[in-house]
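For reference, the structure discussed in these notes is given below.
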Amino acid sequence: MNKAKFVMFIYALAAILSMISIGFAFSLVFMTGDEYETIGWIGVVVGIVVMCAIFGMAFKTKRKFRDQGLL
């Protein structure tokens, strides 16, 4: 596996982990107690923002690698 594909694998792994964190935060919403509900909604919003940032960086990196002929 060349270095460009390894970098894209790391981006994919980070995106998967951010999606898992969104699911975990959403599960906190349905736990008992008001503090869990607030933390859960904040976690969902933060997870979505992080996921969008990861996808944005990955697409920019993919375009750069494609222009350089590495992909």
Side-chain angles (χ1 to χ4, degrees):
M1 183 184 317
N2 61 9
K3 291 180 183 179
K5 289 184 181 180
F6 181 72
V7 171
M8 296 310 293
F9 173 74
I10 296 298
Y11 278 125
L13 188 62
I16 290 170
L17 291 176
S18 69
M19 290 179 210
I20 290 172
S21 71
I22 291 170
F24 180 72
F26 194 70
S27 71
L28 288 177
V29 172
F30 296 107
M31 291 181 73
T32 57
D34 290 333
E35 69 272 2
Y36 293 121
E37 184 175 353
T38 305
I39 291 171
W41 285 118
I42 291 172
V44 168
V45 171
V46 169
I48 291 172
V49 169
V50 168
M51 186 179 60
C52 290
I54 290 170
F55 275 123
M57 290 187 306
F59 286 135
K60 286 182 182 180
T61 305
K62 184 176 179 179
R63 183 184 315 137
K64 184 178 78 171
F65 286 158
R66 192 180 314 135
D67 291 341
Q68 293 174 354
L70 296 174
L71 285 179

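Taking hydrophobic clusters as Ile, Leu, Val, Met, Phe, Trp and Tyr residues chained together by side-chain heavy-atom distances below 4.5 Å, Val49 does not share a cluster with Phe24. Ile22 is not connected to Val45 by any chain of hydrophobic side-chain contacts under 4.5 Å among Ile, Leu, Val, Met, Phe, Trp and Tyr, and they are in different clusters.
Gly47 approaches Ser18 most closely through the heavy-atom pair O-CB, 4.4 Å. The two residues Val44 and Phe26 have their closest heavy-atom pair at CG2-N, 3.7 Å. Nearest heavy atoms, Tyr11 versus Ile54: O-CG2, 3.7 Å.
Residues forming a side chain to side chain contact (heavy atoms under 4.5 Å, CB included) with Ala4 (at least two apart in sequence, or on another chain): Asn2, Phe65, Leu70, Leu71.
Taking CZ of Phe59 as the start and CZ of Arg66 as the end, the distance is 10.0 Å to the nearest 0.5 Å.
The side-chain heavy atoms of Lys64 and Gln68, taken from C-beta on, include a pair separated by under 4.5 Å.
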